[in-house]
Undergrad: 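Structure in structure tokens, see below.
What you see is a predicted model, and the numbers here were worked out from it, not measured in a lab.
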Amino acid sequence: MNKEISKTFESSQREVEIYKLWEESGLSNPDVMKKYLEDEGIEVQTSFTITLPPPNANGTPHLGHMCGYAFHDVIGRYRRMTGHPTLLLPGKDHAGIQTEAVFTKLLQSQGIDKQEIGREEFYKRCYDFCVMNMKEAREYEQRIGLSADFSREFFTLDERLTKVVYETFYKMYEDGLVYRDKRIINQCPSCKTALADIDTEHEERRGIFAYFIYPFVNEEDRKKAKEKLGAEGVTVATTRPETMLGDTAVAVNPNDERYREFIGKKVLVPFVEREIEVIADEETDMELGTGAVKVTPAHSPVDFEIGQRHSLEIVNVIDEDAKMTGDIPERFKGMGTIDCSKALVKELDEMGLLVKIENIKHEVAICERCKTAIEPIISNQWYVNVESLAKKALEALKEGDVKVIPSGQQKALEHFYENIQPWCISRQLWWGQRIPVWYSGGKKLFDWLNENKGKGVQDFEKEFSTKATGSGEIFLGENMPESQNGEVWEQETDVFDTWFSSGQWPYTTLGGPNGEDFKKYYPTQMMIHARDILFWWTGRMLMFGFYRTGQVPYSLTWLTGMILAADGSKMSKSKGNGVEPSEVFDKYGADALRMWYYSDALPGSNSPLREEKIKGNRNFVTKIWNASRFILMNIDDSEIEAIASAKVNETERVKATKAHIKKVKRYIEKYQFNLGAEEIREFFWHQVCDVWIEEVKAEIKEQEIGSQVRIEKLAELLYILKENLKIMHPFIPFITEGVWQELVKLGLAEGLLMSQQI
RNA sequence: GGGCGAUUAGCUCAGCUGGCUAGAGCGUCACAUUGACAUUGUGAAGGUCACAGGUUCAAUUCCUGUAUCGCCCACCA
């Protein structure tokens, strides 16, 4: 009987078909879901929203993405099945610097130089490239079963979204939070852009520690130094000799007996023949090196601070490409920093000023994206003063308005807010949202006036002996303002840091603070994302959320860890130890992968991929299929009607089932998916299958078809099966919906399991 | 240098606000079964819950310290 039920659940094929059913129902759209609930006479609960973390549109999703979606989906499906119109809002991120790097490389491999095709063409092609990737990403998202509302999908470069981001920028400018400043920044010589501190990493690399002498200018001082210090000058030690060309002071600790009498005296920087002063600074470490440190405000963040404290001159000697520049001897100009360092050391040695060179290992700041060593340089950039915003976010954390799971990470976030620095938001890239600013008379004029407070356009004209072409004011807007009296407006070429737009994700995707969706679905309920972007993302979203909407964008951040290779190492393309999600889908199916995530990928901790475990979960999926099939096979066609309409008694088995469901619901509500997953597996497999089905098998063995006992027992078993399918559905939606649809075919169930209520 | 977390079976890990012969999956071993089950079932072996103190009637669970590992932050020339 019922021969039409296939012997196995062909996951790779059936999962796609089942997803189509969900898609056609439109129930992932909360408006549709709300109407469904109303039509069914089910009490409508408050809406539930998660704006899903947008994956980078520059590549294909990996297992880590799938893991995140599995968690989003279990929550989303559960909410939907408990009366909440649920919105899982998907999107894709343009990922500025990273995508620009990836796409530039791709062009290069095709023999195309990005400078040749120009900014506009580059942007257009990169956009197409992203659109292509987005399509593929969407397919993966559907493959894992993500019940997101794709009719609301957003790309971070969508005009509707950009509009809201620009509004934020204008508002911040008016409120005095955004400003242009000349300070030391992290320049990535490879990506050729400024980076925020948070976009850098630190790595131990081999380097040198060179000791050399800055002779005193004054004859008397030289004599004294020879006596006291053993040389005719101050010996300084540095890991970066090339920066000496930009030195404007030598700092010593005021308590350092060795140098006390030399404070205020002048020494001579060789090559550039600059006389610089020995200054006293508390921060100078007497133990390190010689206790005297050369100060290069233009090329070291520490020295920049010292420079600020002592009003030192800033002398730029390294440019954006990490080449030597400025007022230095011709022979060094254009040299790379390392070559220049070697050349200088050699000449210092010849001059008798080199004391020694030590080989050391030290921490170097590197670009988070391309791992190139950072070059600290002075430059004009746009900044956001985030201090007041951070304070609000910190308060919200302390008050418990926002929680982070696992809680240890919450402390890390608090620490981040407590020590937050101005955020550099401009990037010298093409791929991103162009900063909507116009400079009357050019950017150079504006920056010059900004740097030289109190001076006017005439002073600028005098300084550069040119005629200014505008007032030096700026205009904020997307379109060029009208020119008057021949003034020239120069458009800002920089783009926003990616996080400036993704930080606003929870409300930009809902149409901004005035959008229709915003009214219905903001604030959202939670945010699930990878732990490693906690500061970048949740850190920013909380601040922006308060700023634009006056409230938290969501009340819970739930962090996922990383999926590692089986041996515990990081999966990476270069190592070739990566596993493609499609491989897993084809081999074991999405449900098996999901079950593995719930069991193994605990919040905040990394999990090595264990294929045997996924296989074990695939067996569980097969078990569900077969148990269901067995139950259905035992029902004779002539009994269907009676069983479908039979009243199920409150038996021990039914009671236990209800208690089980309650338990699992509690686990889901507490976000303990590992316990929930274990519970459904344990209960269905070892209680329903191993015990109850066996019992019923015996109970109906000798009974005639159509008999009261059979109807009663089979109806009870069917009830238990259906209840189990419902509670398992948020975890493993495909197999459960697949079985449900078999029931529907036989007239034993109705509708989609997806919209059933538990 | 500062902060956070981890240390439980061969492996990967659960164990929420203290009380059980300390659990799961995978692996190992024995037996059973061709059954609804690209298998499944029954059972077994395997842990002084890192170490040392403390609180308690009771500690894997709370506190303190030690060791080892990991992560994050930090300007150490």
Undergrad: Checking contacts here: which listed nucleotide (B:rC75, B:rA77, B:rA38) is nearest the side-chain heavy atoms of A:Val302?
TA: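 Closest nucleotide among those given: B:rC75.
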Undergrad: Within a reach of under 6.0 Å around NZ of A:Lys371, are more than 12 heavy atoms found that belong to other residues, nucleotides or ligands?
TA: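 Correct, the count exceeds 12.
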Undergrad: Mind checking A:Arg666 for me? I need base, sugar-phosphate or nothing, with any heavy atom below 4.0 Å counting as a touch.
TA: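 Since no nucleic acid heavy atom lies under 4.0 Å of A:Arg666, the category is nothing.
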Undergrad: Determine which nucleotide pairs with B:rC62, using a 3.5 Å limit on both distances of a Watson-Crick or G-U wobble pair.
TA: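 Pair assignment: B:rC62 / B:rG54.
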Undergrad: B:rC72 P sits how many Å from A:Glu203 CD, rounded?
TA: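 Whole-Å distance recorded here is 12 Å.
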Undergrad: Testing the basics here: between A:Ala194 and A:Gln381, what is the closest heavy-atom pair and its distance to 0.1 Å?
TA: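 Closest approach of A:Ala194 to A:Gln381: CB-NE2, 3.5 Å.
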Undergrad: Between B:rC16 and B:rC62, how far apart are the two P atoms, rounded to whole Å?
TA: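 Nearest-Å result for B:rC16 against B:rC62 at atom P: 8 Å.
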Undergrad: Kindly give the atom pairs (protein nitrogen or oxygen, nucleotide nitrogen or oxygen) under 3.5 Å for nucleotides 7-15 of chain B.
TA:
unit_1 : atom_1 : unit_2   : atom_2 : d
B:rC11 : O2'    : A:Arg610 : NH1    : 2.9
B:rC11 : O2'    : A:Arg610 : NH2    : 3.1
B:rU12 : O4'    : A:Arg610 : NH1    : 2.9
B:rU12 : O2     : A:Lys613 : NZ     : 2.9
B:rA14 : O2'    : A:Asn674 : ND2    : 3.2

Undergrad: Taking B:rG53 as the reference, what is the distance to B:rC75 when you measure between their C1' atoms (whole Å, please)?
TA: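 Per the computed distance, 41 Å lies between those C1' atoms.
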Undergrad: Please state how far atom CD1 in A:Ile208 lies from atom C1' in B:rA77, giving the value in whole angstrom units.
TA: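 Computing the A:Ile208:CD1 to B:rA77:C1' distance gives 13 Å.
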Undergrad: Using a 90° cut-off around 0 for syn, call B:rA58 syn or anti.
TA: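 In terms of base orientation relative to the sugar, B:rA58 is anti.
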Undergrad: Taking for each residue the nucleotide of RNA chain B with the nearest heavy atom, is it A:Lys411 or A:Phe535 whose nucleotide lies nearer the 5' end?
TA: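 Whichever sits nearer the 5' end wins; that is A:Lys411.
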Undergrad: Hunt down the Watson-Crick or G-U wobble partner of B:rA30, both distances under 3.5 Å, from any strand shown, or write none.
TA: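 By the stated definition (distances under 3.5 Å), B:rU42 pairs with B:rA30.
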Undergrad: Counting only heavy atoms not in A:Glu387 (residues, nucleotides, ligands), do more than 12 fall under 6.0 Å from its CD?
TA: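 No, because the 6.0 Å sphere around CD of A:Glu387 holds 12 heavy atoms or fewer from other groups.
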Undergrad: Nearest-Å distance, CE (A:Met286) to P (B:rA77)?
TA: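 For the pair A:Met286 CE and B:rA77 P, the rounded distance is 18 Å.
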Undergrad: Select one nucleotide: of B:rC73, B:rA24, B:rC75, the one nearest the side-chain heavy atoms of A:Arg681.
TA: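 Of the options given, the side chain of A:Arg681 lies nearest B:rA24.
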Undergrad: If we take the C1' atom in both B:rA52 and B:rA67, what is their distance in whole Å?
TA: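 Result for the C1' pair: 11 Å, nearest Å.
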Undergrad: Which is true for A:Glu694 with a 4.0 Å heavy-atom rule: it touches a base, it touches only sugar-phosphate, or it touches nothing?
TA: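 Base, at least one base atom sits under 4.0 Å.
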Undergrad: Looking only at atom P, what distance separates B:rA50 and B:rA6, rounded to whole Å?
TA: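 The answer is 12 Å between these two P atoms.
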Undergrad: Rounded to whole Å, please give me the gap between CG in A:Asn626 and C1' in B:rU34.
TA: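 For the pair A:Asn626 CG and B:rU34 C1', the rounded distance is 13 Å.
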Undergrad: Check A:Lys713 with A:Glu699, please: is the shortest side-chain N to carboxylate O separation under 4.0 Å?
TA: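 Judged by the 4.0 Å cut-off on N to carboxylate O distance, A:Glu699 and A:Lys713 do form a salt bridge.
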Undergrad: With P as the reference atom in both, quote the distance from B:rC11 to B:rC4 in angstrom, rounded to an integer.
TA: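 Roughly 30 Å separates the two P atoms.
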Undergrad: Flag the pair A:Arg274 and A:Asp247 as a salt bridge only when some basic side-chain nitrogen lies within less than 4.0 angstrom of an acidic carboxylate oxygen.
TA: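 Result for this pair is no, no salt bridge flagged.
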Undergrad: How far does the P atom of B:rU60 sit from the matching atom of B:rG1, given to the nearest Å?
TA: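 Between the two P atoms, the distance is 34 Å.
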Undergrad: Nearest whole angstrom, please: distance from the P of B:rC76 to the CD of A:Glu283.
TA: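 Computing the A:Glu283:CD to B:rC76:P distance gives 13 Å.
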Undergrad: Does B:rC4 have a Watson-Crick or wobble mate here (both distances under 3.5 Å), and if so which one?
TA: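 Check on B:rC4: paired to B:rG70, both distances under 3.5 Å.
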Undergrad: Name the nucleic acid region contacted by A:Lys697, choosing base, sugar-phosphate or nothing; use a 4.0 angstrom heavy-atom cut-off, strictly under.
TA: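 Since a base atom lies under 4.0 Å of A:Lys697, the category is base.
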Undergrad: Please determine whether the number of non-hydrogen atoms from other residues, nucleotides or ligands lying under 6.0 Å from atom CD1 of A:Ile338 exceeds 12.
TA: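 Incorrect, the count does not exceed 12.
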Undergrad: Using both distances under 3.5 Å as the test, list the Watson-Crick or G-U wobble partner of B:rC13, or none.
TA: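 The answer is B:rG23, by the H-bond criterion.
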Undergrad: For B:rA36, give the paired nucleotide (Watson-Crick: N1-N3 plus N6-O4 or O6-N4; G-U: N1-O2 and O6-N3; both under 3.5 Å), or none.
TA: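 In the structure as shown, B:rA36 has no Watson-Crick or wobble partner.
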Undergrad: Among A:Asp636, A:Ile635, A:Ile640, exactly one meets side-chain contact (heavy atoms from CB on, under 4.5 Å) together with A:Leu714. Which residue is that?
TA: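 One option only clears the test, and that one is A:Ile635.
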Undergrad: Using a heavy-atom cut-off of 4.0 Å across all strands, would you classify A:Lys670 as base, sugar-phosphate, or nothing?
TA: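 Result for A:Lys670 = base.
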Undergrad: Rounding to an integer number of Å, can you tell me how far A:Glu612 CD sits from B:rU28 P?
TA: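 Atom CD in A:Glu612 sits about 10 Å away from atom P in B:rU28.
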Undergrad: At a cut-off of 3.5 Å, list every protein nitrogen or oxygen paired with a nitrogen or oxygen from nucleotides 40-42 of chain B, distance to 0.1 Å.
TA:
unit_1 : atom_1 : unit_2   : atom_2 : d
B:rG41 : OP1    : A:Trp685 : NE1    : 2.5
B:rG41 : OP1    : A:Asp690 : OD1    : 3.4
B:rG41 : OP1    : A:Asp690 : OD2    : 3.3

Undergrad: Between A:Phe304 (CZ) and B:rC76 (C1'), how many Å, whole number?
TA: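 Nearest whole value for this atom pair: 18 Å.
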Undergrad: Select one nucleotide: of B:rC76, B:rA36, B:rC73, the one nearest the side-chain heavy atoms of A:Phe630.
TA: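 Selected nucleotide (nearest to the side chain): B:rA36.
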Undergrad: Below 6.0 angstrom between ring centroids: does that apply to A:Trp558 and A:Phe71?
TA: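 Yes, the ring centres sit under 6.0 Å apart.
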Undergrad: So do A:Ile366 and A:Thr200 actually touch side chain to side chain, heavy atoms under 4.5 Å?
TA: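 Counting from C-beta outward, A:Thr200 and A:Ile366 never come under 4.5 Å.
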Undergrad: For B:rG43 versus B:rC26, give the span between their P atoms, rounded off to a whole number of Å.
TA: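 It works out to 16 Å between them.
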Undergrad: Just say parallel, tilted or perpendicular for the rings of A:Tyr214 and A:Phe212, cut-offs at 30° and 60°.
TA: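 Ring orientation, 0 to 90° scale: tilted.
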Undergrad: What is the distance, to the nearest angstrom, from the CD1 atom on A:Ile635 to the C1' atom on B:rA36?
TA: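 Taking CD1 of A:Ile635 and C1' of B:rA36, I get 13 Å after rounding.
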Undergrad: Can we call the ring centroids of A:Trp692 and A:Phe683 under 6.0 Å apart?
TA: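 Yes.
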Undergrad: For B:rU64 versus B:rG23, give the span between their C1' atoms, rounded off to a whole number of Å.
TA: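 Approximately 29 Å lies between the C1' atom of B:rU64 and that of B:rG23.
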Undergrad: Quick one: is the NZ or CZ of A:Arg618 closer than 6.0 Å to the six-membered ring centre of A:Trp596, and within 45° of its axis?
TA: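 No - A:Arg618 does not lie over the ring of A:Trp596 by the 6.0 Å and 45° rule.
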Undergrad: For A:Ala412, answer base if it contacts any base atom (sugar-phosphate contacts may also be present), sugar-phosphate if it contacts only those atoms, and nothing otherwise; contact means non-hydrogen atoms under 4.0 Å.
TA: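 Answer is nothing: A:Ala412 stays at 4.0 Å or more from every strand.
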